Amino acid sequence: MEAFTTRPELRGTFGMVASTHWLASAAGMAVLERGGNAFDAAVAAGFTLQVVEPHLNGPGGEVPALFYSVDRGEPLTLCGQGVAPAAATIERFRELGHELIPGTGVLAACVPGAFGGWLLLLQEFGTWSLDDVLAFAIDYADNGFPVVGGMHLSIARQADLIAGWPASSDLYLPIPEMGTQFRNPVLASTYRRIVEESAGGSRDEQIDRARELFYKGFVADEIHRFCEAEDGLLTRDDLAAWRATLEPVVSFDYGETTVCKTGPWGAGPVALQQLALLEGFDVAGLSEAEFVHVVTECAKLAFADRDALYGDVDVPLETLLSREYNDTRRALVGDDASSAYEPGMGRLPKLVQAEQMAGAGEPTRGDTVHLDVVDRWGNMISEGGCTAPRSFRRSAGRWERVRRCSGWRKDCRPRCVPAHDHAQLSRPGSHCAGASRGSPGARRAATNRSSGRSTSSCGTSIED
């Protein structure tokens, strides 16, 4: 009997791209068709997603990714997660009268890590030039793309908030109807200027200059000017001091499978903790009801640890994934559902009673963008961009979505908002581009037109 699936299984030998938007998948496949590797394709598709799904990600967001390079022979983590401004201290927010870090506006802004993350991947593992990978995004931003239902709905839900920010209002209002062509010429001109001013010299020199233009040049200058004028905390120095990094993965062996995740600056390791707990059960021998019960109870235990510990300077992952620790935690799983939510170490953040703010809810019904690429040489990457935008703001004159690497502030240490937790090649709702030469999806990439832009933030608490 064949396993049930809501999507067909796609197979091939040349390469494959899966993402949350068909234009990004087509762009990535076009890169593979023209000889680029998985990392070139991922960068092209990632920048395209910023344009065509502005309600789910954008240049103000971040890039967490897991990938495998055949040349390096090991899985690695790409951390394109920007940090909170240096001035974003507990004392400063309290001086401004906030019990919660605002979920919208310039005080929610952190260093935008997506641009630097994609450039690091391109420089270290790609083969294409920056102007070639950015060509798709620039073209779609210039010439437009059809508005999808999620984008229309997100803008409609936040129309009043958008109206308060003039540049965002100019771009997104009146609310664009589904199927209409949407353009973002300012984003196109920004990326085009970066390409033009970074031109010349070697490929590495071009990428280095582009990074400098964004984090130390005219983009940083505009972000600094705007945040200063609006009493924000993000400065040119914050942008200049930050760099995307490559890190070892965190992994756990479950049976014959090694599962890899990001470090605890994201939520990835919580999946490994769940596997470490489930390892002590005969999962295959459980009834359907028992399976749901056991998996749910183990998830509660793992997520309680996440909420208490992740994002701290020193997260004891070796202990959290150890056999001894999980034997002790597993013993808490009984026959009945537990109402307890207690970590095995550390402490949970305390709830703050504060007035509901814009940006603290979830206006999109969606989650984030996602992107997977595999090439004919065996290189692979799985990336999850920004979480769904909870706010619209006008940083640098556009609608942006931002995330900070701090879920709350404790003793002036940043705590991470849980990042994304996925590593599958495809999932319901993904759009796959073909797996062989001459794929229609690849050929359509040059003719379909697209654009847009966005970012999000979280309403995070301040605690002693």
Side-chain angles (χ1 to χ4, degrees), residues 14-19 23-51 57 59 61-81 112-140 191-192 194-215 243-247 249 262 369-385 425 433 442 445-446:
F14 180 77
M16 189 174 293
V17 179
S19 81
L23 289 174
S25 296
M29 196 64 204
V31 173
L32 295 182
E33 291 281 350
R34 289 162 52 188
N37 65 22
F39 310 116
D40 299 316
V43 175
F47 278 119
T48 300
L49 284 173
Q50 292 179 4
V51 171
N57 80 131
E62 87 292 341
V63 172
L66 299 173
F67 66 96
Y68 178 84
S69 165
V70 172
D71 290 341
R72 290 283 289 267
E74 61 178 339
L76 291 168
T77 297
L78 171 65
C79 179
Q81 169 66 71
F115 191 83
W118 284 129
L119 261 59
L120 177 60
L121 183 72
L122 181 68
Q123 186 170 32
E124 295 293 326
F125 298 94
T127 63
W128 277 31
S129 65
L130 179 63
D131 53 326
D132 283 338
V133 295
L134 270 175
F136 300 92
I138 292 172
D139 182 63
Y140 291 146
Y191 281 158
R192 185 178 292 108
I194 289 174
V195 167
E196 291 172 351
E197 294 189 13
S198 64
S202 68
R203 177 177 166 277
D204 280 353
E205 289 170 340
Q206 180 192 33
I207 294 173
D208 285 338
R209 281 195 295 271
R211 184 186 292 109
E212 186 160 320
L213 286 167
F214 193 98
Y215 292 99
R243 289 291 292 264
T245 57
L246 298 174
E247 304 175 357
V249 297
T262 70
V369 295
H370 190 74
L371 169 65
D372 302 289
V373 187
V374 179
D375 66 26
R376 54 184 153 161
W377 300 287
N379 298 303
M380 297 177 280
I381 181 168
S382 180
E383 182 272 337
L425 174 63

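What you see is a predicted model; the values in this text were computed from it and never measured. For reference, positions follow the sequence shown, starting with 1.
By the 4.5 Å heavy-atom criterion applied to side chains, D40 and D132 are not counted as neighbours. No side-chain heavy atom of V373 sits less than 4.5 Å from a side-chain heavy atom of M16. Side-chain contact between L66 and L78 is absent, with no heavy-atom pair separated by less than 4.5 Å. With contacts defined as side-chain heavy-atom distances shorter than 4.5 Å, the pair Q50/F115 does not qualify. Inter-residue side-chain proximity for Q206 and D131 is flagged as met; some heavy-atom pair is nearer than 4.5 Å. With a 4.5 Å cut-off on side-chain heavy atoms, L76 and S69 do not count as touching. For the pair R34/W128, a side-chain contact is recorded, criterion being any heavy-atom separation below 4.5 Å from C-beta on. In this structure the side chain of V31 never reaches within 4.5 angstrom of the side chain of V43, judged on heavy atoms.
Using a 3.5 Å distance cut-off with no hydrogens or angles, the side chains of D372 and S382 do pair a donor with an acceptor. T262 and T77 form no side-chain donor-acceptor contact under 3.5 Å, judged by distance and modelled atom types alone. Side-chain polar atoms of D208 and Q123 form a donor-acceptor pair below 3.5 angstrom. Side-chain atoms of E196 and Y191 include no donor-acceptor pair closer than 3.5 Å. Looking at S202 and D204, their side chains never bring a donor and an acceptor atom within 3.5 Å of each other.
We find the CD-SG distance between E247 and C79 to be 5.0 Å, quoted to the nearest 0.5 Å. The line from CD1 of I207 to CG of L130 is 6.5 Å long, rounded to the nearest 0.5 Å. Here E383 contributes atom CD and S19 contributes atom OG; the two are 10.0 Å apart, rounded to the nearest 0.5 Å. The structure places CG of L122 at 9.5 Å from CZ of R211, a figure rounded to the nearest 0.5 Å. Between the CG atom in D139 and the CG atom in L134 there is a gap of 12.0 Å [rounded to 0.5 Å].
Heavy-atom minimum distance, W377 versus G36: CZ3-O, 3.7 Å. V17 and M29 get closest at one heavy-atom pair: CG2-N, 3.6 Å. In terms of heavy atoms, M380 sits closest to V374 at CG-CG2, 3.7 Å. Looking at every heavy atom in both residues, G80 comes nearest to A244 through CA-CB, 4.3 Å. The minimum heavy-atom distance linking T48 with A27 is given by the pair OG1-CB, 3.9 Å. A42 and I381 make their closest contact through CB-CG2, 3.7 Å (heavy atoms, listed as atom of the first residue, atom of the second, distance).
A donor-acceptor pair under 3.5 Å is absent between the side-chain atoms of N379 and the main chain of F39, judged by distance alone. Panel note: side chain Y215, backbone R243; no donor-acceptor pair is recorded below 3.5 Å. R192 places no side-chain N or O within 3.5 Å of a backbone atom of I138 that could act as its donor or acceptor partner. Judged purely by atom type and a 3.5 angstrom limit, R209 uses its side chain to pair as donor or acceptor with the backbone of S198.
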For Y68 and V70: C-alpha separation, side-chain torsions, deciding distance, then whether side chain to side chain contact (heavy atoms under 4.5 Å, CB included) applies. CA-CA 6 Å; Y68 178 84; V70 172; 4.2 Å; yes

For F47 and V51, run side chain to side chain contact (heavy atoms under 4.5 Å, CB included): C-alpha distance rounded to whole Å, both residues' side-chain angles, the deciding distance at 0.1 Å, then the answer. CA-CA 7 Å; F47 278 119; V51 171; over 6 Å; no

Test side chain to side chain contact (heavy atoms under 4.5 Å, CB included) on L32 and R376 and set out the steps. CA-CA 9 Å; L32 295 182; R376 54 184 153 161; over 6 Å; no

Test ring pair (Phe, Tyr, Trp, His ring centres under 6.0 Å) on F67 and F125; report intermediate values, then the result. CA-CA 10 Å; F67 66 96; F125 298 94; 4.9 Å; yes

